[in-house]
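Chain letters run A, B, ... following the sequence lines, proteins first, then strands; residues in each count from 1.
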Amino acid sequence: MKIPFSWLKEQVALTSTPAQIAGNLVRLGHEVEGIEQPRAAVKGVVVGRISSKQPHPDADKLSLLKVDIGQAELLDIVCGASNMDTGDKIPVATIGTSLPNGLTIKKGKIRGEASCGMCCSETELGLSDESAGLLILPADAPVGLEIGDYLALEEAVFDLSITPNRGDCMNTRGIARDLAADARLPLLEVAPPVMEVDANVPLTKVAVTASTDCPAYLARRIEGVKLADSPAWMQTGLMLAGMRPINGIVDVLNYVMLYLGQPMHAFDADKIKGEIQVRAAEGGEQFKALDGRELKLNAGDLVVADQSGVIALAGIMGSADSGVSDGTVNIVLESAFFRPARVSETRRTYAMVSEASMRFERGVDPEMVLTGMQQASKIIAELFGGVVGEITVCGNVSEINAGKQMHCSVTRIEKRLGLALPEAVDDVLRDMGFGIIRLGDRLEVAIPPFRHDVSIPEDMSEEYARVIGFDAIPEILPALTTTAPAQPDRSIHDAVAGGFLQAVTYAFISEKEQRLFVSDDGNDIGLQNPISDAMSVMRRTPWAGLLNVAKHNLNRQQPGVAIAEQGRLYSKTAAGHDENNVLAWMMVGETEADQWYGNARVANFFDLKGAVEAWLAVRGLTARFIADDHIQGLQAGQSAKILVGRVEAGRLGKVDGDIAAAFDIDIPVFVADINLDVLPEGKKAKFAPLAEFPGVERDLVFLLEKSAFVRESNTDAIVQTVSKAGGKLLTDSRLFDLYEGKGVPEGKVSVGVRFTLQDPKRTLTQEDSDAASAAIIAAMDKRFGAVLRG
Amino acid sequence: MSEIDALKAQLESLQSEALSAFSAVADLAGLQQLRVQYLGKKGALTEVLKGVGKLAPEQRPVIGQFVNQTKSVLSQALDAAEAELSIHAKVARIEAERIDVSLPGRASAKGALHPVQRGLDEITAIFSQMGFAVAEGPEIENEFNNFDALNIPPEHPARAMHDTFFVNPIGDEPMLLRTHTSPVQIRAMKRFLAEEGEPPLAVVAPGRVYRCDYDVTHSPMFHQVEVFKVDRDVSMAHLKGVLKHFLSTYFEKDVSIRLRPHYFPFTEPSAEVDIGCVFCAGKGCRICKNSGWIEVLGSGMIHPNVLKSVGIDSEEFSGFAFGLGVERLVMLKQGIPDLRMFFENDVRFLRRMGS
């Protein structure tokens, strides 16, 4: 909301600078988003008189002017406009002036001719969006006077952001009240002007049936109005306040609203059929709003209607046909109090916002319902003539919000604020409308009707705090409230320690992306008001987001990307909505670049498997990776489920090529995830004595059927067989070599196994290792038909 | 010439021949050969000694002394030559093993936490150290926890300002993506009361929040940290004390704070919190729009209706609460100009901000 400084000064004799006023407003709780200073913006521009005009010798469209700005010498100015003549008074920007458009005037030569200033248009002065040539001033404009002073430009316009609780401050009056009280200055009395009314003008018939939603409704007929544009001073004021002039009547109503906070509406009296009803809408009732929208109303919306239907959505917007237009002669003015919650709900239902609804839903000052009506009637009659009729009054404004009281102990507020409440502050609050009585520690407060937001002691604590100033509150560290700190979740930190960059992607993805990894089982949680299709369902897979990260980076010449993300997956369950914590990985492209010591290496299944294993190892966990050809979105034969103990804790694999292609990725991508919610607790590190006797390491190399190796046997089974057969002395066994090709028969694969034997109590003998080897060879033969390679 | 003189002459010529051989030798292996050649069991000196038998017994000690002397001279010369050659050999080896130390080290994959994560970690740690317990809550919430319990009734204008995402209802109950971490206040207080009976409690609640707003300065998903404390006689002075400590710790300098009255439904009084601009030290710059102050978070004393909604007696207990935007604080601390960069996950950005 914008308020011109001059409007405030009409209400209270403020002497501070705009910057000081802004500081006071902020301290009182009114955020100042900006201060426009139209007058200061044209400082250095003065009234000049063209004493001669010559054509420019080298440019047809330029003129050479000699301009009198009241100084000893005339100024030479080269000017590109054509609408001026000798003797005209024009605004002249002198050397050094910065204009609102950012231009700074410098002494210079234009096509060889000296120019010591610039003659200005309205646009260049920031007074208008467009102009046709120079601004020609009246002949009596005094030469040399600052243009800002001559045009009486506004000193300052405050752009305020009024908080939703302070409906009373959505107008000049309310802000002036706070400033006056704060500065200990008197506030101009505003009483409803006494209007002469003509008994011949018929009373407007009004029936309010929805009196809860509309506790007060005033209507008045004014006949014989000669509609014209509002005067220039009013239009200028409205524009400074951020509103567009519409027509004379509407401008007056807006002007009064900006001053007093009471929104009003004017109907064309000749377009209203029968009596005015203020009632609840019937379900499905039609309404064509002023903004062109056609609405089907819900039962319960508060409307103003006549015999033919709805003529206004109460407090929000009038209808397209019932308003004041060019041919309007007779009008009906409406000034009312609509229940804030009612206006708020209806406004939200139809996503409508108007200056009126913003004020009604925050609560207007009941006292201004009548004052506003009288003020507006008076100005309309003065400006546009017309005969003013008697007011039809429904309801009683003086009962609205009346008689609110609150009492509490002064100490309670002081304790809440950590601040003493000097009695002098009571006077400030009294000027803000509060009736305050202190009886020792007891504080009794009569709350003014316009303060819809104040009802309890805590509300008064805020009033005291803002008047005293939050800066006065000391900074004190409270006593510690100690709690046993929980073990912080290190999931993502350990993944990052493994060389992955952490990504954070949106929790909502497109349904199309969801379907790539999760089949449509009806358990998606969809957004009812998504920003776009790309962000329309809550993710049930972490991989879509990661693939988009891969796509983004591969498109930016990154040779390889290794990303991890921790977040939640969301799905419907029988009980409601489930949120499941997961950690996910993605690897694509080079894991190592070409280097002086080696060639580039491209990520494969086992890079990612190693990362997952290392991550598990930090938690004291080991996993088995079980081939699984049926993980949606992953390529059969290169995908596995991750078993930790008996728990299926995650999945790992290569993204199906077609799916990768959907993300514009044409190289192998590997993904994995771990369900953090099901992951069992790992083994805690426990001390065991270190072996004192040396161990024996043996290698055995077997030939196996290749198909059996990949499909069934696999490394896990081989290592398991070796471990079991190796006996009690075996402490470690692993696959150390895997080879096929030259020297190995077609269809076979050579598998090297290395195992370690160790006894804590003695040094092992040749017999020990021979026995273990023999047992292992026998077991390998029995289980896989493996033959020891010579 | 007497026998003894002949031997002496032989020894002298042997010595000078050996010494010149020693000084000519190029490497340790050659030197070892010479040692054997002259001083070995079958060496030249031993040969000379064979002639001693021909001497008269009284002459033998004389020549023996002479032999020993020669032996000692040669032995010392050999040791000296060996020491020198060893040094040469070592120098040669070192030279041969010389590398270019400016070659890049072997790459190992370098990970980095997301800057938002680091912000969350830092912020949470500061409050943990101040005794605040960490709590979390679901991101899909009901209207009661997100709004009603926080003193935002359905028709409240503030409710519309939250730009809420709604998701599939559970039965008839509308469900939404929480618009702030404040619902954790409600959940944590309820849980705490059930377990402990009554305050004091102090909680820090980090998490993701959602608003239906997407442009240059708004992301539909972002991160907040909710901090609150409820006890007897908690005052706004305590709020200011905690804010000052937190913000100074986070920004690693003594920042000044300014509270401005504001409005939030769940606090009374409510205050927006500014810090003295960390970029221009309050002198005025583009970031602080020449005001010298930067708005960082919203705060206040918990509204009695909020305490009431979880069953805490607001006559006996009071509390403060504030919620801060993690992205905003990280942007200010790290000088990140654009909110959208957090969610683009450009690895160049992640690497740069992660170091």
Side-chain angles (χ1 to χ4, degrees), chain A residues 26 29 163-165 341 344-345 348 361-362 415-418 456 458-459 461-462 465-466 470 473-478 480-483 485-486 492 496-507 525-529 531 535 538 549 552-553 558 561-562 568 570 576-577 579 592 596-597, chain B residues 103 106-107 109-114 116-117 128 130-131 133-134 138-140 155 157-158 160 165-168 170 175 200-202 208 212 214 220-221 229 231 233-238 240-242 244-245 259-263 268-269 271 301 303-304 318 342-347 350-351:
Chain A
V26 167
T163 53
N165 57 326
S344 174
E345 190 184 331
R348 276 186 294 121
E361 71 177 311
R362 287 162 173 78
K415 273 180 152 180
R416 189 173 183 84
L417 298 178
I456 56 175
E458 287 76 9
D459 296 329
S461 75
E462 177 161 87
R466 73 189 183 99
F470 283 14
I473 299 172
E475 292 162 358
I476 300 172
L477 274 177
L480 275 182
T481 311
T482 45
T483 36
I492 190 66
V496 160
F500 288 76
L501 294 167
Q502 182 190 5
V504 175
T505 68
Y506 290 135
I525 298 174
L527 269 63
Q528 298 184 328
N529 52 337
I531 282 176
M535 298 189 268
M538 300 305 287
V549 173
H552 172 96
N553 286 292
Q558 293 298 315
V561 184
R568 299 183 187 180
Y570 314 79
H577 294 336
E579 295 179 29
E592 280 173 56
W596 57 273
Y597 53 79
Chain B
L103 275 172
R106 271 188 182 262
K110 286 179 242 351
L113 287 175
H114 193 283
V116 167
Q117 181 74 45
S128 286
M130 293 172 82
V134 182
E139 292 167 22
I140 302 179
E155 69 284 354
F165 279 118
F166 286 91
V167 299
N168 303 111
I170 297 178
M175 296 299 286
L201 82 163
R208 279 180 194 170
C212 188
Y214 193 24
M221 181 184 95
K229 181 183 174 83
D231 199 352
D233 296 332
V234 172
S235 79
M236 224 159 156
H238 296 135
K240 282 183 79 171
V242 168
K244 167 87 176 177
H245 175 80
L259 268 62
R260 283 180 287 113
H262 196 70
Y263 170 74
E268 189 76 60
M301 298 297 293
H303 197 286
S318 56
F342 287 119
F343 304 102
E344 270 178 2
N345 297 298
D346 193 302
V347 295
L350 296 176
R351 281 195 197 108

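Between chain B and the residues A/Asn553, A/Thr163, A/Leu527, the largest count of heavy-atom pairs under 4.5 Å involves A/Asn553. Per-residue heavy-atom pair counts under 4.5 Å with chain B were compared for A/Glu345, A/Gln558, A/Lys415, A/Arg568, and the maximum is reached by A/Arg568. With chain A as the partner, the residue from B/Glu344, B/Met221, B/Met301, B/His303 showing the most heavy-atom pairs under 4.5 Å is B/Met221. Ranked by heavy-atom pairs under 4.5 Å with chain B, the first of A/Gly498, A/Ala465, A/Gly526 is A/Gly526. Interface remark: of the candidates A/Pro474, A/Gly418, A/Ala497, A/Pro474 forms the most heavy-atom pairs closer than 4.5 Å to chain B.
Contact of B/Arg106 with chain A is made through backbone and side chain together, with heavy-atom distances under 4.5 Å. Contacts between A/Tyr506 and chain B at a heavy-atom distance below 4.5 Å involve backbone atoms as well as side-chain atoms. When heavy atoms are compared at a cutoff of 4.5 Å, A/Ala562 does not approach chain B at all. Heavy-atom distances place the side chain of B/Lys244, and not its backbone, under 4.5 Å from chain A. Both the backbone and the side chain of A/Asn529 come within contact range of chain B, each with at least one heavy atom under 4.5 Å from a heavy atom of that chain. Heavy atoms of A/Val504 lying under 4.5 Å from chain B belong to its backbone as well as its side chain. At a 4.5 Å heavy-atom cutoff, the contact between B/His262 and chain A is made by backbone and side-chain atoms alike. Contacts of A/Ala503 with chain B are made by both backbone and side-chain atoms, with heavy-atom separations under 4.5 Å. Heavy-atom distances place both the backbone and the side chain of B/Phe343 under 4.5 Å from chain A. Only the side chain of A/Glu579 comes within less than 4.5 Å of a heavy atom of chain B; its backbone N, CA, C and O stay farther away.
In this structure the side chain of A/His577 reaches within 4.5 angstrom of the side chain of B/Val167, judged on heavy atoms. Inter-residue side-chain proximity for A/Ile456 and B/Pro304 is flagged as met; some heavy-atom pair is nearer than 4.5 Å. Residues A/Phe470 and B/Met236 have side chains in contact (heavy-atom distance under 4.5 Å, counting atoms from C-beta outward). The side-chain heavy atoms of B/Gln117 and A/Ile492, taken from C-beta on, include a pair separated by under 4.5 Å. Counting heavy atoms from C-beta on, the side chains of B/Ser235 and A/Leu417 never come closer than 4.5 Å. Counting only heavy atoms from C-beta outward, the side chains of B/Pro269 and A/Arg416 approach each other to under 4.5 Å. Residues A/Val496 and B/His114 fail the side-chain proximity criterion, which asks for heavy atoms closer than 4.5 Å. Side-chain atoms of A/Leu477 and B/Val242, non-hydrogen and from C-beta on, do get closer than 4.5 Å to each other.
A/Gly576 approaches B/Ile170 most closely through the heavy-atom pair CA-CD1, 3.6 Å.
Between A/His552 and B/Asn345, the side chains place no donor N or O within less than 3.5 Å of an acceptor N or O (distance only, hydrogens not considered). When only modelled atom types and interatomic distance are considered, A/Tyr570 and B/Glu139 share a side-chain donor-acceptor pair under 3.5 Å.
Note that the CZ atom of A/Arg466 and the CG atom of B/Leu259 stand 15.5 Å from one another [nearest 0.5 Å]. Taking NE2 of B/His238 as the start and CD1 of A/Ile473 as the end, the distance is 12.0 Å to the nearest 0.5 Å.
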Verdict with supporting geometry, A/Met535 and B/Tyr214, side-chain contact (heavy atoms from CB on, under 4.5 Å): CA-CA 11 Å; A/Met535 298 189 268; B/Tyr214 193 24; 3.3 Å; yes
Using the side-chain contact (heavy atoms from CB on, under 4.5 Å) rule, take B/Leu350 and A/Gln502 through it: C-alpha gap first, then chi angles, then the decisive distance, then the call. CA-CA 8 Å; B/Leu350 296 176; A/Gln502 182 190 5; over 6 Å; no
Run the side-chain contact (heavy atoms from CB on, under 4.5 Å) test on A/Tyr597 and B/Leu103 for me, step by step, so that the C-alpha distance in whole Å, both residues' side-chain angles and the decisive distance to 0.1 Å come before the verdict. CA-CA 10 Å; A/Tyr597 53 79; B/Leu103 275 172; over 6 Å; no
